[in-house]
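When a ligand or atom number is given, it counts from 1 through the structure's own listing order. Count residues from 1 along the sequence.
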Amino acid sequence: MSDPSRPHLLTAAKLSPMLMPQIEAAFVVLDRLHEADPAAFAAVAPQIRAIAASGDSRVPGDLIARLPALETISVMGVGYDGVDVAAAKARGVMVTHTPDVLNDDVADLALGLMLCASRQLPAADRWVRSGDWAARGAMPLARKMSGARLGIVGMGRIGQAIAQRAVAFGMDIAYTARSAKPALPWAFVPDVTALAACSDFLVLITPGGAGTRHLVNAEVLRALGKGRGEGILVNVARGSVVDEVALIEALEGGVIAGAALDVFADEPNVPERLRAMPHVVLAPHIGSATNATRQAMADLAADNLRLHFAGQAVRTPVPECR
Ligand code: NAP
């Protein structure tokens with residue numbers, strides 16, 4: 001604990017085994033000490049110079065306020081809505097994240113979920129395993145994905161990777177974002193309800209946080225359903241982007257045709273009403289969860305820490321800290 005060449009680092013979550021050895025080699029690591037042992041944490045807090053976090057970690061302003069020597073927060077994830085960046089920035093604390101290296105994986109998953117929801121792949125698997133195929137014959141017919149209309153909510157790094165893949169499916173693509181992207185060939189629809197009204201699939205890929213909270217509400221879901229129980233909602237963004245109660249009601253009431261969800265309002269707790277619906281496809285927040293991508297994210301998160309303490313520019317600061 002006394003080696004002055006190794007700064008003290010607090011982890012804000014159970015970190016990836018791909019990241020832990022890298023930070024243990026360079027830091028005195030205090031693994032979630034603020035939660036595990038508040039008295040020991042209070043004693044060592046003045047020495048803590050770094051926080052390592054995951055995309056779903058919480059680093060609130062009151063934690064930052066208790067760390068007078070804090071210099072940097074490295075998030076292993078592109079989303080950093082759990083970090084009070086305003087509080088960090090006000091103190092001159094550098095916040096970094098891991099954009100780009102996970103674009104392919106999250107976009108692959110979005111297309112996979114679209115196929116699962118439209119072609120009912122989990123139900124098809126159950127149909128075979130349960131013996132229904134032999135006992136009941138062919139499955140009910142599904143919905144076609146190729147050539148359908150795709151609305152993408154959020155046209156950033158991952159949104160563009162989703163659109164590129166959807167081109168190969170011959171989909172008719174439109175999007176919403178805070179601002180239009182004139183360089184992109186797809187139609188910009190400023191209003192999310194208007195986008196839903198002209199989409200067969202609505203895919204969410206914005207950041208979480210206050211700016212997007214409940215962006216998809218009952219009105220947007222009604223527009224997606226078009227009064228005929230159509231439309232499939234796919235959420236690979238954050239659970240907070242959807243009013244989950246309104247979504248459950250829309251699914252139970254047949255307002256929309258189905259949903260495929262990788263993220264939820266209160267992870268890992270998924271409402272029983274959602275889990276009970278066979279036309280809902282559920283995944284446990286696995287957007288970036290491949291070996292190759294998690295390794296790239298861990299390496300980038302570790303690199304940002306290493307560069308900061310070497311007095312060099314970090315590779316991927318969050319936009320607010322650029
Ligand atoms: P990004 O490049 O920053 O893109 C975010 C997009 O969202 C931008 O187009 C932005 O619009 C748009 N946006 C922001 N606020 C909006 C609002 N209020 N209404 C409409 N659009 C809004 O981020 P990214 O790298 O693509 O990542 C996006 C998010 O995906 C992350 O923040 C994270 O929450 C989520 N994610 C999930 C997983 C998973 O495991 N499921 C994995 C990785 C990421 P402008 O372009 O006009 O600014």
At what distance is the nearest protein heavy atom to [atom], and which residue and atom is it?
{"atom": "atom 37 (C) of ligand 1", "value": "Val236 O, 3.0 Å"}
{"atom": "atom 28 (C) of ligand 1", "value": "Ile205 O, 3.6 Å"}
{"atom": "atom 45 (P) of ligand 1", "value": "Lys181 NZ, 3.2 Å"}
{"atom": "atom 11 (O) of ligand 1", "value": "Arg178 N, 3.3 Å"}
{"atom": "atom 4 (O) of ligand 1", "value": "Gly156 CA, 3.2 Å"}
{"atom": "atom 21 (N) of ligand 1", "value": "Ala177 CA, 3.4 Å"}
{"atom": "atom 35 (C) of ligand 1", "value": "Ala237 O, 3.6 Å"}
{"atom": "atom 25 (O) of ligand 1", "value": "Arg157 NE, 2.9 Å"}

Next on the checklist: Keeping Gln120 on the side-chain end and Ala117 on the backbone end, is there a donor-acceptor pair under 3.5 Å?
Outcome noted: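 Answer holds: yes.
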Checklist entry - Are any side-chain N or O atoms of Trp127 and backbone N or O atoms of Gly137, one a donor and one an acceptor, separated by less than 3.5 Å? => result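 A pair under 3.5 Å: yes.
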Would you check the N or O atoms of [X], main chain and side chain alike, for any that come under 3.5 Å of an N or O of ligand 1?
{"X": "Leu215", "answer": "no"}
{"X": "Asn103", "answer": "no"}
{"X": "Asp262", "answer": "yes"}
{"X": "Gly159", "answer": "no"}
{"X": "Thr176", "answer": "no"}
{"X": "Ile286", "answer": "no"}

Does [X], at its [atom1] atom, have more than 12 non-hydrogen atoms belonging to other residues, nucleotides or ligands within less than 6.0 Å?
{"X": "Arg91", "atom1": "CZ", "answer": "yes"}
{"X": "Arg275", "atom1": "CZ", "answer": "yes"}
{"X": "Asn291", "atom1": "CG", "answer": "no"}
{"X": "Lys181", "atom1": "NZ", "answer": "yes"}

Under 4.0 Å to a heavy atom of [X] - the qualifying atoms of ligand 1, by number:
{"X": "Gly79", "answer": "32 (O)"}
{"X": "Val106", "answer": "42 (C), 43 (C)"}
{"X": "Thr212", "answer": "15 (N), 16 (C), 17 (C), 18 (N)"}

Checklist entry - For Asp31 and Thr11, does a side-chain donor sit closer than 3.5 Å to a side-chain acceptor? => result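 Their side chains do contain a donor-acceptor pair, which is all the 3.5 Å distance test asks for.
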Next on the checklist: As a quick check of understanding, evaluate side-chain contact (heavy atoms from CB on, under 4.5 Å) for Val242 and Val263, giving each step before the final call.
Outcome noted: CA-CA 10 Å; Val242 178; Val263 288; over 6 Å; no
Next on the checklist: Let me confirm one number: the OH-CD1 distance from Tyr175 to Ile152, rounded to the nearest 0.5 Å.
Outcome noted: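 The distance works out to 10.0 Å.
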Determine, considering heavy atoms only, which of [options] sits nearest to [atom].
{"atom": "atom 31 (C) of ligand 1", "options": "Val78, Ile152, Val192", "result": "Val78"}
{"atom": "atom 12 (C) of ligand 1", "options": "Gly154, Gly77, Gly55", "result": "Gly154"}
{"atom": "atom 29 (C) of ligand 1", "options": "Thr206, Leu109, Ile158", "result": "Thr206"}

Item to check | NZ/NE/NH1/NH2 to OD/OE distance under 4.0 Å, Arg165 and Asp104 | outcome: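 Looking at Asp104 together with Arg165, the answer is yes, because their closest N to O distance falls below 4.0 Å.
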Checklist entry - Under 4.0 angstrom from ligand 1, any heavy atom of Gln160? => result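 No, Gln160 has no heavy atom closer than 4.0 Å to ligand 1.
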Next on the checklist: If you apply the rule side-chain contact (heavy atoms from CB on, under 4.5 Å), what do you find for Leu111 with Phe169, and how did you get there?
Outcome noted: CA-CA 10 Å; Leu111 272 287; Phe169 284 81; 3.8 Å; yes
Checklist entry - Where is the tightest heavy-atom contact between Ala50 and Phe27, given as atom of each residue plus distance? => result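 Answer, listing the atom of Ala50 first, then Phe27: CB-CE2, 4.4 Å.
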Next on the checklist: Using the rule side-chain contact (heavy atoms from CB on, under 4.5 Å), only one of Asp200, Val234, Leu109 pairs with Met114; which is it?
Outcome noted: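 When Asp200, Val234, Leu109 are each tested with Met114, the side-chain contact (heavy atoms from CB on, under 4.5 Å) holds only for Val234.
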